[in-house]
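Any value given below was found using the heavy atoms of this structure, including those in side chains, with hydrogens, waters and symmetry copies removed.
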Amino acid sequence: MELTELAARAGAVLDEIERAVVGKRERLELVLAGVLADGHVLLEDVPGLAKTLTARSFAAVTGLRFARVQFTPDLLPSDVTGSSIWNQREMSFEFRHGPVFANILLADEINRAPPKTQAALLEAMQERQVSIDGITHGLEPPFLVLATQNPIEYEGTYPLPEAQLDRFVLRTGFGYPSPDDEWEMLERRLDRGADEVELHQVVDRPTLLEMQRAIEAVHVDESVGRYVVDLVTATRRSPSLAVGSSPRGSLAIVKLARCRAALSGRDFVTPDDVKSIAVPALAHRLVLRPELWVQRRSGEDVVQEILDEVPTPVTDTIDAERLETA
């Protein structure tokens, strides 16, 4: 698939989803970049801001197999992965697939499940497989986890371990809509005469896989790659952080930056692409020093400071070299 076709199809996907999620084009582009990067996305925001609706809408518009798990304190690992059930007629055990055997898995309120159940997702998220009773079951590509959590309610929750947070390619939220967007949402509801928005499929699973493969054609100049390395290295040296980003953070930035470039119709990555996705790609991978919690600083603040401090490569030089190569 050519990158021009990819950009057109991505635009059609976003246009259709915007029929349900009003006024959040930039955030939807970020989630789509995570999907095209074949990564998992953590949606963190207060209730009622279209986190679950976004996951369902992406599944409907892309035609992917969708499953939802409502994470609760009594949820067992087998409730996610499936388990072997004794078949009396056949006198043998047979494996019953759990909801993890989907293309898009909505892990709703993921931080409400105990660590044992959260850990059941780790192998699936990283290896795209599930091991049960000594047998490995592969997951059909693409396998994407869109997880949600509420950042303000901590009673009865279990914070996600760093190892699991690191497996999300990005973390983002939607925030409250503007007054005009909120009225447009109400106006559409009144005109529609129903709560649910019926979305139409725009692409299918094979097409989405082609779009993911097409991202590999986006060029990353060495100067941009080293800029990414400098940003991630700065997190490891920052006096504000107890733990910086792992190399998985560098890979996430590069993958998302390539997707951002492709969605803009370009076949090369610029420093601006890196800057636009650095905060959602890195902030959740950092561990702040305890004293910073008192100062109400966040990982997002630290990443933004690093972006301001690390020198940016000269864009004109990168563009000129890319044009000469073409």
Side-chain angles (χ1 to χ4, degrees), residues 1-14 25-42 142 144 166-172 208-236 244-286 299-300 302-326:
M1 180 182 293
E2 297 293 331
L3 290 176
T4 52
E5 182 183 355
L6 184 152
R9 289 184 179 273
V13 167
L14 293 172
R25 180 81 174 200
E26 183 179 347
R27 295 300 175 180
L28 292 175
E29 284 184 359
L30 196 55
V31 176
L32 179 57
V35 171
L36 293 179
D38 197 24
H40 312 294
V41 178
L42 180 59
L144 309 166
D166 204 31
R167 281 166 171 79
F168 286 100
V169 72
L170 66 90
R171 179 183 67 182
T172 188
L208 182 65
L209 291 174
E210 280 189 46
M211 294 170 69
Q212 289 181 338
R213 288 191 291 267
I215 297 296
E216 296 299 323
V218 178
H219 174 74
V220 180
D221 190 79
E222 181 180 350
S223 59
V224 175
R226 289 191 175 276
Y227 176 53
V228 172
V229 172
D230 290 342
L231 291 174
V232 174
T233 302
T235 67
R236 301 166 191 163
S245 172
S246 71
R248 200 178 273 134
S250 303
L251 291 170
I253 292 179
V254 169
K255 289 195 291 185
L256 291 171
R258 295 173 95 182
C259 294
R260 178 69 83 177
L263 292 176
S264 301
R266 283 180 282 105
D267 66 348
F268 62 95
V269 175
T270 67
D272 287 338
D273 294 322
V274 173
K275 289 182 176 182
S276 68
I277 52 83
V279 172
L282 286 182
H284 62 290
R285 306 175 194 275
L286 311 178
E300 286 80 358
V302 175
V303 175
Q304 192 58 58
E305 289 174 4
I306 290 173
L307 286 171
D308 295 337
E309 294 170 0
V310 175
T312 306
V314 181
T315 307
D316 294 341
T317 304
I318 297 171
D319 294 348
E321 291 177 355
R322 183 60 184 159
L323 291 173
E324 288 177 7
T325 305

>> L256 vs L36, test: side chain to side chain contact (heavy atoms under 4.5 Å, CB included). Steps then yes/no.
In response: CA-CA 8 Å; L256 291 171; L36 293 179; over 6 Å; no

> Under the 3.5 angstrom rule, does the side chain of S246 hit a backbone N or O of R248 as a donor-acceptor pair?
Replying inline: yes

> Atom CE in M211, atom CE in M1: separation rounded to 0.5 Å?
Replying inline: 6.0 Å

>> Between R27 and T172, is there a side-chain donor-acceptor contact under 3.5 Å, judged purely by atom types and distance?
In response: yes

> Is any side-chain heavy atom of T235 less than 4.5 Å from a side-chain heavy atom of V302?
Replying inline: no

> Which pair of non-hydrogen atoms, one from L286 and one from G299, has the smallest distance, and what is that distance?
Replying inline: CD1-O, 4.1 Å

> Can you name the closest pair of heavy atoms from C259 and A37 and give their distance?
Replying inline: SG-N, 3.6 Å

>> Check whether R285 reaches the backbone of S245 with its side chain - one donor and one acceptor, N or O, closer than 3.5 Å.
In response: no

> Taking D273 as the fixed residue, which of R266, R258, R260 is the one that meets the side chain to side chain donor-acceptor pair (under 3.5 Å) rule?
Replying inline: R266

> What's the shortest heavy-atom distance between A214 and L3, and which atoms?
Replying inline: O-CD2, 3.5 Å

> Between S223 and D221, do the side chains contain an N or O donor and an N or O acceptor separated by less than 3.5 Å?
Replying inline: yes

> Which distance, rounded to the nearest 0.5 Å, do you find between the CD of E29 and the CZ of R25?
Replying inline: 5.5 Å

> How far apart are the closest heavy atoms of Y227 and K275, and which atoms are they?
Replying inline: OH-CE, 3.2 Å

>> Rounded at 0.5 Å granularity, tell me how far CG in L14 sits from CG in L32.
In response: 5.0 Å

> When you look at V41 and L30, which way does the side chain to side chain contact (heavy atoms under 4.5 Å, CB included) test go after all the steps?
Replying inline: CA-CA 9 Å; V41 178; L30 196 55; over 6 Å; no

> Among side-chain atoms of D230 and T233, is any donor-acceptor pair under 3.5 angstrom?
Replying inline: no

> Does atom CZ of R236 have more than 12 heavy-atom neighbours from other groups under 6.0 Å away?
Replying inline: yes

> Can you name the closest pair of heavy atoms from A234 and V310 and give their distance?
Replying inline: CB-CG2, 4.1 Å

> Which value, rounded to the nearest 0.5 Å, describes the distance between L231 atom CG and I306 atom CD1?
Replying inline: 7.5 Å

> Is a side-chain donor or acceptor of Q212 paired with a backbone partner of V35 at a separation under 3.5 angstrom?
Replying inline: yes

> Side chains of D38 and L144: does their closest heavy-atom pair fall under 4.5 Å?
Replying inline: yes

>> Show the nearest heavy-atom pair for residues I215 and A262, with the distance to one decimal.
In response: CD1-CB, 3.7 Å

> Do L209 and P142 have side-chain heavy atoms sitting under 4.5 Å apart?
Replying inline: yes

> Hey, what do you get for CD (E300) to CG (L282), rounding to the nearest 0.5 Å?
Replying inline: 10.5 Å

